[in-house]
Amino acid sequence: APDTSHIVGSPRSLDSIDVLEGWNLVGSISYSVDTALISSEPPGIRASLWYGYAGGYAASSALLPGQGYWIRASAAGRFILDAAASFLSKPKEPTQTHFLVSADEFIVTEKSGAQQSLYIEERLTPTGALSELPPQGPEGTFDARFASQKSIESAKSSGGQTITIRSSSYPIKFKWN
């Protein structure tokens, strides 16, 4: 007969995640956490947007329980996740573009349906400066990004912008919003 293991625990509404300088793959706590409310020790080590992955990287405005996220740190330290304000509210779905109101979206989609949104701003904002994408996934996975390794670039750049694409499923479609 198969063995069954029961794991007992309590929901976590407050925790910290130790990170090293560079890219870190992290989880969340038991409740949704607004990324704008995540603090760090030492202060100011967040060097990117928070990214989830679902066939392409997407900036997340909330970290959801059971999901993984990429974050780049400018130094070793810790991020503090505190969902105390979320106890009485239902977890919300993260919106990718709440911070990109002034940007034009360029969607790159491969035949399998995997897609990546890239954005062009009139001039690079502080959000754009944090838009370096996490490392590419394993060979055979879809990836699209600007040659700068970012998901947001300025339209005012001299010489235009180059997009690099890796795909195992052609044709590739481009859509401008």
> Taking only residues two or more places apart in sequence or in another chain, which ones pass side chain to side chain contact (heavy atoms under 4.5 Å, CB included) with Ala36?
Replying inline: Asp34
> Any idea which heavy atoms bring Ala73 and Ala47 closest together, and the distance?
Replying inline: C-CB, 4.2 Å
> Considering residues at least two apart in sequence or located in another chain, which fulfil the side chain to side chain contact (heavy atoms under 4.5 Å, CB included) criterion with Ser169?
Replying inline: Glu110, Lys111, Ser112, Ser167
> Can you tell if the side chain of Leu63 reaches within under 4.5 Å of the side chain of Ser32, non-hydrogen atoms only?
Replying inline: no
> Could you state the interatomic distance from OG (Ser154) to CD (Gln161), rounded to the nearest 0.5 Å?
Replying inline: 7.0 Å
> For Gly27 and Ile17, which heavy atoms make the closest approach, and how far apart are they?
Replying inline: O-CD1, 3.4 Å
> Where do Trp50 and Phe79 land on the ring pair (Phe, Tyr, Trp, His ring centres under 6.0 Å) test, with the steps shown first?
Replying inline: CA-CA 12 Å; Trp50 293 85; Phe79 288 103; 5.2 Å; yes
>> Once side chain to side chain contact (heavy atoms under 4.5 Å, CB included) is applied, do any residues pair with Glu21, and if so which ones, sequence neighbours excluded?
In response: none
>> I want to check something: taking the side chain as every heavy atom from C-beta on, are Leu81 and Ile38 in contact at a cut-off of under 4.5 Å?
In response: yes
> Applying salt bridge (Lys or Arg N to Asp or Glu O under 4.0 Å), which residue pairs with at least one partner in residues 124-141 are found, sequence neighbours left out?
Replying inline: Arg72-Glu132
> Any chain of hydrophobic side-chain contacts (each under 4.5 Å) joining Leu133 to Leu130?
Replying inline: yes
>> Test question: given the 4.5 Å side-chain rule for I, L, V, M, F, W and Y, name all other residues clustered with Ile120, or answer none.
In response: Phe106, Val108, Leu118, Phe142, Phe146, Ile163, Ile165, Tyr170, Ile172, Phe174, Trp176
> Is there a chain of hydrophobic side chains (I, L, V, M, F, W, Y, each step under 4.5 Å between heavy atoms) that links Leu64 to Ile71?
Replying inline: yes
> So how far is it from Ser16 OG to Asp82 CG, rounded to the nearest 0.5 Å?
Replying inline: 11.0 Å
> Quick one: do Ile80 and Tyr31 end up in the same hydrophobic cluster if we chain Ile, Leu, Val, Met, Phe, Trp and Tyr together by side-chain heavy atoms under 4.5 Å apart?
Replying inline: no
> Is it true that a side-chain atom of Ser30 and a backbone atom of Pro11 form a donor plus acceptor pair closer than 3.5 Å?
Replying inline: no
> Quick one: are Glu105 and Lys175 in side-chain contact, heavy atoms under 4.5 Å?
Replying inline: no
> For Ile29 and Arg12, which heavy atoms make the closest approach, and how far apart are they?
Replying inline: CB-O, 3.3 Å
>> So does Pro135 get a backbone contact from the side chain of Tyr57, meaning a donor-acceptor N/O pair under 3.5 Å?
In response: yes
> Ignoring hydrogens and geometry, is there a side-chain-to-backbone donor-acceptor pair from Asn24 to Val26 under 3.5 Å?
Replying inline: no
> Heavy-atom count around Gln136 CD within 6.0 Å, excluding the residue itself: above 12?
Replying inline: yes
> For Gly113, does its backbone N or O pair with a side-chain atom of Thr109 as donor and acceptor, under 3.5 Å?
Replying inline: no
> Is the shortest heavy-atom distance from the side chain of Ser151 to the side chain of Ser131 under 4.5 Å?
Replying inline: yes
>> Checking Thr141 now: which residues fulfil side chain to side chain donor-acceptor pair (under 3.5 Å) with it, not counting sequence neighbours?
In response: Arg166
> Same cluster or not: are Ile107 and Tyr53 linked, directly or through other Ile, Leu, Val, Met, Phe, Trp or Tyr residues, by side-chain heavy atoms under 4.5 angstrom apart?
Replying inline: no
>> Hydrogens and angles aside, do Ser148 and Glu153 bring a side-chain donor and acceptor to less than 3.5 Å of each other?
In response: yes
>> Contact between Ser48 and Trp23 at the side-chain level, heavy atoms closer than 4.5 Å - yes or no?
In response: yes
